[in-house]
2 protein chains.
Amino acid sequence: MINHHRSVKVLRRGDLAKLTGCNLETIRYYENIGVMPEPPRSSKNYRVYDDRHVARLRFIMRARELGFTLDEVRDLLALVDGGAQTCGEVQGLANAHLASVRAKIADLKRIEHVLSSTVAQCSGDDVPECPVIDALREEA
Amino acid sequence: MINHHRSVKVLRRGDLAKLTGCNLETIRYYENIGVMPEPPRSSKNYRVYDDRHVARLRFIMRARELGFTLDEVRDLLALVDGGAQTCGEVQGLANAHLASVRAKIADLKRIEHVLSSTVAQCSGDDVPECPVIDALREEA
DNA sequence: TCTAGGGTCTGTAGCTGGTACAGGCTCAAG
DNA sequence: CTTGAGCCTGTACCAGCTACAGACCCTAGA
């Protein structure tokens, strides 16, 4: 299947989705909220992507995998796009995010501790008395 | 300020919010989604609560603090309301939740590890080269 | 040549767990 | 009699997507 008009294979939205593993609709969403740029359109109004779009989307996805919010991703991209970003600036954003990740871990560990020690008291029997329910009912 | 019609103090939505620390609007939300029961209404259509509503809302809030989803809360409440709940059933729900808490902790720890080891390579200087950006750009 | 199936386009609704606000009513104090 | 507080309702908004309807467009096979 040869494209008669261009020697370079044109990427459409579905191609970008497959190349990156990103959901098709999410690509449009990222464009709407301004983290992906508006790509040029074909004569039939189809979005036309190239390698730089692939790279950008992968960047976004990696940042999301590391738990950066889309707002934080926007900040990272602004630094990168600005061209004059410094290691210090990026480090600042990453450290702020790292702090929030650590806070979430601490929260979950506290929860894990309460839950596991409560569940450990369960008989697991067919009896109505249950330490978990008691803990939830407990007067503060 | 004495209530001339009843000897027992009637709780309204604002009172329930204050007693439990729950947001005023959240109480209505919980009623809409069916985790709080529809309370009786006064002649002027005001919701009228009593001690059992206070207890139930506290139960819900404790379960939420432990990270149970509202769906899980509904399940717990159904068991409790059924009257015939057994320790084994409750333990099952709690263990399922515990597993998802542990999975989240594992995810976040992985993220924490990647982030912290990457940030550790930063010079923090006014230079454009940054290991964090490199990691995000990295070809998989 | 016709047709069936895929892709793409747009706007919009849905999800979770709330939060908030507008516009209207009621009630008590000053 | 007015003012403020509380309550009522429905609805919109947040993140971060995901999905669907209804309209195009295009290609391959019969």
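Below, chains carry the letters A, B, ... as their sequence lines are ordered, and counting in each starts from 1.
- Side-chain proximity of A/L70 to the nucleotides D/dT18, D/dG16, C/dC21 is greatest for D/dG16.
- With rounding to the nearest 0.5 angstrom, the CG atom of A/L115 is 10.5 Å from the CZ atom of A/R110.
- Put simply, the side chain of B/N23 gets close to the backbone of B/E25: a donor and an acceptor are under 3.5 Å apart.
- Whole-Å rounding puts the B/M36 CE to C/dG18 C1' distance at 15 Å.
- In this structure, B/M61 places its CE atom 12 Å from C1' of C/dG18, rounding to the nearest Å.
- Looking only at side-chain heavy atoms (C-beta outward), B/D50 and B/L11 stay at 4.5 Å or farther from each other.
- Closest contact between the side chain of A/N23 and the listed nucleotides D/dC26, D/dC17, D/dA19 involves D/dA19.
- Side-chain atoms of A/Y46 lie closest to C/dG7 of the nucleotides D/dT9, C/dT19, C/dG7.
- Rounded to an integer number of Å, the gap from OH of A/Y30 to C1' of D/dC17 is 8 Å.
- Rounding to whole angstrom units, CZ of residue B/R13 and P of C/dC27 are separated by 17 Å.
- Rounded to whole Å, the distance from CD on B/E72 to P on C/dT16 is 12 Å.
- Applying the salt bridge (Lys or Arg N to Asp or Glu O under 4.0 Å) rule to A/E112 yields the partners B/R102; only residues at least two apart in sequence or on another chain are considered.
- Of the candidate nucleotides C/dG7, C/dT26, C/dC9, C/dG7 has the atom lying nearest to any side-chain atom of A/R12.
- One finds a side-chain N or O of A/R41 lying less than 4.0 angstrom from the OP1 or OP2 phosphate oxygen of C/dT10.
- The side-chain heavy atoms of B/V54 and B/Y49, taken from C-beta on, include no pair separated by under 4.5 Å.
- In the helix from C/dT1-D/dA30 to C/dG30-D/dC1, the rotation axis of the first five pairs and that of the last five pairs differ in direction by 30°, rounded to 10 degrees.
- If you take CG of B/L66 and P of C/dG17, they are 15 Å apart, rounded to a whole angstrom.
- Side-chain atoms of A/I133 and B/L79, non-hydrogen and from C-beta on, never get closer than 4.5 Å to each other.
- B/R28 comes within 4.0 angstrom of a nucleotide base, judged by non-hydrogen atoms across all strands.
- By the ring-ring contact (aromatic ring centres under 6.0 Å, His included) test, A/Y30 pairs with no residue at all, sequence neighbours left out.
- Considering only side-chain atoms of A/Y29, the nucleotide from D/dG6, D/dT18, C/dT10 that sits closest is D/dT18.
- Between the side chain of B/T26 and the backbone N or O of B/Y29, no donor-acceptor pair lies under 3.5 Å.
- Between B/N32 and B/K18, the residue whose closest nucleotide on DNA chain D is further toward the 5' end is B/K18.
- For A/E25, the side-chain atoms get nearest to D/dC20 when compared with the rest of D/dC7, C/dC9, D/dC20.
- As rounded to whole Å, 20 Å separates atom C1' of D/dC17 from atom CZ of A/F68.
- Rounding to whole angstrom units, CD1 of residue B/I33 and P of C/dT19 are separated by 12 Å.
- Between B/T26 and C/dT19, a side-chain N or O to OP1/OP2 separation shorter than 4.0 Å is present.
- Checking B/T69 against A/L24, the closest nucleotide of DNA chain C that is more toward the 5' end is the one next to A/L24.
- Residue A/R47 places its side chain closer to C/dC9 than to any other of C/dC9, D/dT9, D/dA19.
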